[in-house]
Amino acid sequence: MAPKRGGSGSRHGRDRRAAVVHAQSGSARFTGQAPAAAVVGGGLAGIAAATGLAERGVRVTLYESEPDLGGRLAGWPTRLADGSTVTMSRGFHAFFRQYYNLRGLLRRVDPGLDSLTPLPDYPLRHSSGLYDSFARVPRTPPLSALGFVALSPTFGLRDLARMSPRAALPLLDVRVPEVYERLDGVSAHDFLARIRFPEAAHHLAFEVFSRSFFADPRELSAAELVLMFHIYFLGSSEGLLFDVPAEPFPTALWDPLRGYLESHGVSVRTSMPVRQVRPQPDGGLNVTTDQDTTRCDALVLALDGAGLRQVVAASPELGDADWRARIDRLRTAPPFLVSRLWLDRPVAPGRPGFLGTSGYGPLDNVSVLDRWEGEAARWARRTGGSVLELHAYAVSPDADRGAVQAEAVRQLHRIYPETSRAWVVDERHEWRADCPMFPVGGYQDRPGVRSPDPAVTVAGDLVRTGLPVALMERAVTSGFLAANAHLERWGVRGQTLWTVPRTGRSLPLRGLAALGG
């Protein structure tokens with residue numbers, strides 16, 4: 001197991017240029033009869049919203065349609081063929097160091113972030129034999145970019161000479177929402193082609209990153225890709241290394257956070273999908289489940305795209321026609337596969353805990369869970385085996401799923417040949433299609449935190465926040481912003497937030513970026 005990462009960093013991380021997002025002024029919390037709020041969705045966004053409201057004394061009911069909290073990071077027990085009870089989940093997630101608000105949420109139950117453990121590298125491997133690493137790349141821009149170019153085998157002098165510096169200038173000063181106004185109409189693939197980015201680096205590095213959005217680069221908005229450059233590389237000194245939970249998600253995250261919410265008076269109602277919401281003449285809302293209808297004074301819709309479309313479609317009085325139409329146009333990313341294999345023998349000692357892959361058919365990454373997750377490590381020690389996880393993103397909806405699963409395993413055998421000789425003690429294959437799609441030209445259809453009804457806010461990683469955040473950090477940030485919007489109406493001070501720098505880090509480089517506009 002890797003060593004634990006303690007709480008030596010400040011709350012806003014290593015980067016001294018991290019930007020503070022102050023909450024509105026107001027009283028510290030409710031002292032008398034507090035309003036009631038309903039939060040629909042028990043993933044990161046919903047938990048953050050419920051936390052922000054409950055800590056100020058709001059009476060919160062949190063509804064989650066699944067049996068457990070966690071959303072796309074949920075986990076559940078499963079029994080293997082050898083009799084072991086283990087935890088299955090939706091798969092590996094990287095907790096980057098610049099996820100300031102996510103880390104702030106976790107510090108409620110783990111002040112030192114001892115539940116997270118660092119991975120020493122983020123290696124990438126292409127089937128051509130190219131291999132990249134971020135372990136030795138400097139963290140502070142622009143040294144990070146220069147170091148990556150100098151150390152990467154995908155950049156040669158001829159490649160650098162062919163690149164178009166002027167086309168790449170927007171990368172030097174990324175701002176929200178301006179980056180969407182400039183680049184949302186271009187695909188990530190076409191933007192990199194416009195820059196004449198080296199083909200090898202395109203496939204090895206940035207196709208791996210873009211597929212972390214569960215989309216083919218030809219379908220993904222270039223604005224999302226460029227924002228990702230800023231968050232993880234050119235705008236932040238936190239670097240591309242990350243932490244992972246040292247135990248399965250329920251143990252490390254959701255059980256402690258549920259206890260924290262309940263200690264603040266939150267009523268957590270799992271296995272309880274919300275079917276309809278009906279605004280009332282007095283400004284409140286009626287929230288209907290299969291069991292009952294309950295009145296609330298404020299509502300946070302913290303659902304995935306399909307769930308949000310479903311609730312809005314079933315609630316014809318909610319919002320206005322334009323808002324409802326834009327939500328109805330939201331797209332879901334193609335299906336993805338998470339395969340977990342329990343093998344009867346270990347992989348070779350030098351295999352990394354996580355490996356991003358390209359050029360290996362459907363296979364996008366391989367995790368050796370027993371390198372960093374306690375439960376997997378204990379199973380491996382007890383049995384002499386290993387626990388591996390395979391991801392395949394953006395799979396065609398028409399694909400033969402059994403064939404994709406088999407091909408992912410076949411590609412694993414190419415990458416780690418010793419696995420071809422292993423017996424599979426047991427395996428689990430999870431297929432899902434519930435991640436947001438960020439298509440070319442789709443930014444304007446995404447909802448903001450605030451809706452036409454001041455009593456209704458929206459949260460999730462699909463939401464426009466006006467801040468340089470993405471993925472899990474966007475979910476948590478939007479949840480706190482959704483809570484803050486309600487607290488502002490009631491004259492109560494909300495949650496202070498942090499982001500990576502909201503502009504390019506260097507004034508001269510920002511001046512150069514303006515030339516590319």
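Worth knowing before you read on, the calculation uses all heavy atoms, side chains too, and leaves out hydrogens, waters and symmetry mates.
Rounding to the nearest 0.5 Å gives a distance of 11.0 Å between CG of L388 and OG of S339. Between E178 atom CD and L183 atom CG the span is 11.5 Å, to the nearest 0.5 Å. Atoms OG and CG, on S187 and L220 in that order, are 8.5 Å from each other to the nearest 0.5 Å. Taken from CG in L467 to CG in N101, the straight-line distance is 8.5 Å, to the nearest 0.5 Å. With rounding to the nearest 0.5 angstrom, the CD atom of E247 is 12.0 Å from the CG atom of L116.
For residues 472-487, the salt bridge (Lys or Arg N to Asp or Glu O under 4.0 Å) pairs, not counting sequence neighbours, are E224-R474. Under the salt bridge (Lys or Arg N to Asp or Glu O under 4.0 Å) criterion, the residue pairs touching residues 251-260 are R258-E262, with sequence neighbours excluded.
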Hey, mind stepping through E238 and Y100 against side chain to side chain donor-acceptor pair (under 3.5 Å) and telling me if it holds?
CA-CA 11 Å; E238 306 293 356; Y100 305 128; 2.7 Å; yes
Working note: E427 + H429, criterion side chain to side chain donor-acceptor pair (under 3.5 Å); need CA distance, chi angles, decisive distance, verdict.
CA-CA 7 Å; E427 59 192 310; H429 303 280; 2.8 Å; yes
Stepwise side chain to side chain donor-acceptor pair (under 3.5 Å) test for Y260 and E55:
CA-CA 10 Å; Y260 180 82; E55 286 177 342; 2.4 Å; yes
Step by step, work out the side chain to side chain contact (heavy atoms under 4.5 Å, CB included) result for I415 and R125.
CA-CA 9 Å; I415 299 169; R125 176 172 166 174; 3.6 Å; yes
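For the salt bridge (charged side-chain N to carboxylate O under 4.0 Å, His left out) test, no residue two or more places apart in sequence or in another chain qualifies with R309. Among residues two or more places apart in sequence or in another chain, the side chain to side chain donor-acceptor pair (under 3.5 Å) test is passed with E488 by R450. In this structure, T465 has no side chain to side chain donor-acceptor pair (under 3.5 Å) partners at least two apart in sequence or on a different chain. Under the side chain to side chain donor-acceptor pair (under 3.5 Å) criterion, S478 pairs with no residue at all, not counting sequence neighbours.
In this structure, R103 fails the cation-pi test against F95, since its NZ or CZ atom is not both closer than 6.0 Å to the six-membered ring centre and inside 45 degrees of the ring normal.
S237 and R16 share no donor-acceptor pair across their side chains, judged by distance under 3.5 Å alone. At a cut-off of 3.5 Å, with distance as the only test, a side-chain donor of R382 or S84 sits close to an acceptor on the other residue. With no hydrogens or angles considered, no side-chain donor-acceptor pair links E66 and T270 at under 3.5 Å. R428 and T78 form a side-chain donor-acceptor contact under 3.5 Å, judged by distance and modelled atom types alone.
Between the side chain of W379 and the backbone N or O of G374, no donor-acceptor pair lies under 3.5 Å. Side-chain N or O atoms of R446 include none that pairs as donor or acceptor with a backbone N or O of R464 at under 3.5 Å. Between the R56 side chain and the R493 main chain, a donor and an acceptor come within less than 3.5 Å of each other. Proximity of a side-chain donor or acceptor of H486 to a complementary backbone N or O of L299 within less than 3.5 Å is detected. The backbone N or O of Q24 sits nowhere less than 3.5 Å from a side-chain atom of N484 that would complete a donor-acceptor pair. At distances below 3.5 Å, at least one donor-acceptor pair connects side-chain atoms of E64 with backbone N or O atoms of G42.
Note: H391 and Y393 have perpendicular aromatic rings, judged against thresholds of 30 and 60 degrees for the angle between ring planes. Between F96 and Y232, the ring planes are tilted. Angles from 30° to 60° get that label.
Applying side-chain contact (heavy atoms from CB on, under 4.5 Å) to L257 and the options L69, I47, D110, V268 leaves one that passes, I47.
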